[in-house]
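The structure appears right after this line, and notes come after that.
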Amino acid sequence: MDAWIDLFRTAWPVLLQGTLYTLMFAVISMVLGLALGFLVALVRVARVPALAQLAAFYVSAMRGTPLLVQIFVIYYGLPGIGIEFDPVTAGVLALTLNVGAYLSESMRGGIAGVDRGQWDAGLSLGLGWWQTMRFVVAPQALRLAVPSLSNSLISLIKDTSLVSVITVTELMLATKEVIAQTFQPLPLYLAAAAIYWVLSASFEQVQRRVEARLNLSYRR
């Protein structure tokens with residue numbers, strides 16, 4: 001046990017740096033994915049000609065292919081046609097495109113869950129389609145979609161481990177680098193798993209607070 005404690009003390013600075021990279025990837029991809037997902041959901045709900053079909057194809061492609069393949073296509077495949085990204089940009093782009101597709105479906109489901117009477121009430125008050133969406137429908141849809149959105153975002157934290165395949169030193173690659181120096185895979189992989197678990201549990205607590213806050217506001 002003392003040997004493990006000494007190992008953790010030695011490895012902690014590297015693991016901490018990898019954890020910070022993991023959080024960076026997760027937070028940036030969350031923000032961009034939420035924006036992209038909301039835009040895609042709006043396009044599909046509004047049934048914008050041509051764009052709605054393109055959005056549906058994007059969602060189907062992202063949800064129907066593994067994230068690992070998407071990372072490879074963006075980082076290793078696109079340079080073949082003259083589009084090249086550095087590892088960090090490629091990782092963020094792949095995670096954003098992937099999670100954006102899942103979040104768009106969560107948001108679209110939330111919008112569909114709002115009673116049609118809410119649309120009619122907004123339009124009868126003289127609000128336009130966008131105003132009704134913004135002030136009447138979207139707040140209610142968000143409350144309905146929070147559990148599904150949160151699950152996708154928590155999964156994103158674990159999915160960041162896949163960007164290690166394109167040499168980004170996030171938590172998983174940092175762990176592998178320490179293992180290569182210490183030859184102690186079991187305790188270090190357990191430590192990485194514990195860090196992922198703590199990060200996921202923290203976001204679950206945030207989810208519960210946001211959900212409780214939205215439910216309280218709705219009851220008022």
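Positions are given from 1 along the sequence. Remember, predicted model here, so these are calculated numbers, not experimental data. For the numbers below, each heavy atom of this structure counts, side chains included, while hydrogens, waters and symmetry mates do not.
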- Item | Ser60 side-chain N/O to Phe57 backbone N/O, donor-acceptor pair under 3.5 Å | no

- Query: Would a distance-only check, ignoring hydrogens and angles, find a side-chain to backbone donor-acceptor pair under 3.5 Å from Gln17 to Pro13?
  - Reply: no

When rounded to the nearest 0.5 angstrom, what distance separates [atom1] in [X] from [atom2] in [Y]?
X	Y	atom1	atom2	answer
Ile5	Thr10	CD1	OG1	12.0 Å
Gln118	Ile111	CD	CD1	13.5 Å
Lys158	Thr22	NZ	OG1	13.5 Å
Leu173	Leu162	CG	CG	12.5 Å

Smallest separation among heavy atoms of [X] and [Y], with atom names:
X	Y	value
Val114	Val137	CG2-O, 3.8 Å
Leu188	Thr175	O-CG2, 3.6 Å
Val163	Gly91	CG1-CA, 3.8 Å
Ser104	Val59	OG-CG2, 3.5 Å
Pro187	Leu7	CG-CD2, 3.5 Å
Thr167	Pro87	OG1-CG, 4.0 Å

Close side-chain approach of [X] to [Y], heavy-atom, < 4.5 Å:
X	Y	answer
Ile179	Gln184	no
Phe8	Leu15	no
Met30	Phe203	yes
Tyr58	Leu36	yes
Val168	Thr160	no
Met24	Glu170	no
Tyr196	Leu171	yes
Tyr102	Leu156	no

- Item | Stepwise side chain to side chain contact (heavy atoms under 4.5 Å, CB included) test for Gln70 and Leu97 | CA-CA 9 Å; Gln70 296 164 19; Leu97 291 175; 5.6 Å; no

- Item | Non-neighbouring partners of Tyr76 that pass ring pair (Phe, Tyr, Trp, His ring centres under 6.0 Å), sequence neighbours left out | Phe72

- Neighbour count above 12 (heavy atom, 6.0 Å) for Trp129 CH2: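 Correct, the count exceeds 12.
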
- Task: Indicate whether the side chain of Asn151 and that of Ser148 have a donor and an acceptor atom separated by less than 3.5 Å.
- Result: no

- Message: Check for me, please, whether Ile157 and Leu32 land in the same ILVMFWY cluster - side-chain distances under 4.5 Å, paths through other members count.
- Response: yes

